[in-house]
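Got a structure for you, questions after.
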Amino acid sequence: MSAPLMTPDEVAACLRVHRGTVYRLVKSEGLRAYKVSGRIRFKTEDVEDYLERSLVQPSQGQEVPNIVRFQYKPGMRVVSL
């Protein structure tokens, strides 16, 4: 038999999120869950698969804007807004 099923509290502790977030992930984000005797349970593999699908890829090819820092020069007029 495979590893024991996880409870919502165990999944929340594993992901370091609130238990309510786990239920939201089941309803809208595609985290697979199983109903066993009226209770929600999770397979470890399903949680790991969800994490793999949720991997954030770093952006590529986007140019970082050139930000010029303001420098005060003597003689400049300062205007308050």
*Please report the closest heavy-atom contact between Leu31 and Asp46, naming both atoms and the distance.*
CD1-O, 4.0 Å

_Side-chain heavy atoms of Arg39 within contact of Pro8, under 4.5 Å_ = no

*Side chains of Arg32 and Tyr50: does their closest heavy-atom pair fall under 4.5 Å?*
no

*Starting at OH of Tyr23, measure out to NE2 of His18 and round the result to the nearest 0.5 Å.*
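If we round to the nearest 0.5 Å, Tyr23:OH and His18:NE2 are 10.5 Å apart.
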
*Could you tell me whether the side chain of Arg24 reaches within less than 4.5 Å of the side chain of Glu29, counting heavy atoms only?*
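Glu29 reaches Arg24 side chain to side chain.
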
*Taking all heavy atoms of Pro4 and all of Thr44, pick out the closest pair and write down the distance.*
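For Pro4 and Thr44, the tightest heavy-atom pair comes out as O-OG1, 4.4 Å.
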
*Okay, side chain of Thr21, backbone of Val17: is any donor-acceptor separation there less than 3.5 Å?*
no

*Is any side-chain heavy atom of Thr7 closer than 4.5 Å to a side-chain heavy atom of Phe42?*
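A side-chain contact under 4.5 Å is absent here.
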
*Answer with yes or no whether the hydrophobic clustering places Leu51 together with Leu25; edges join I, L, V, M, F, W, Y residues whose side-chain heavy atoms lie under 4.5 Å apart.*
yes

*To the nearest 0.5 angstrom, please state how far the CD atom of Gln71 sits from the CE atom of Met76.*
9.5 Å

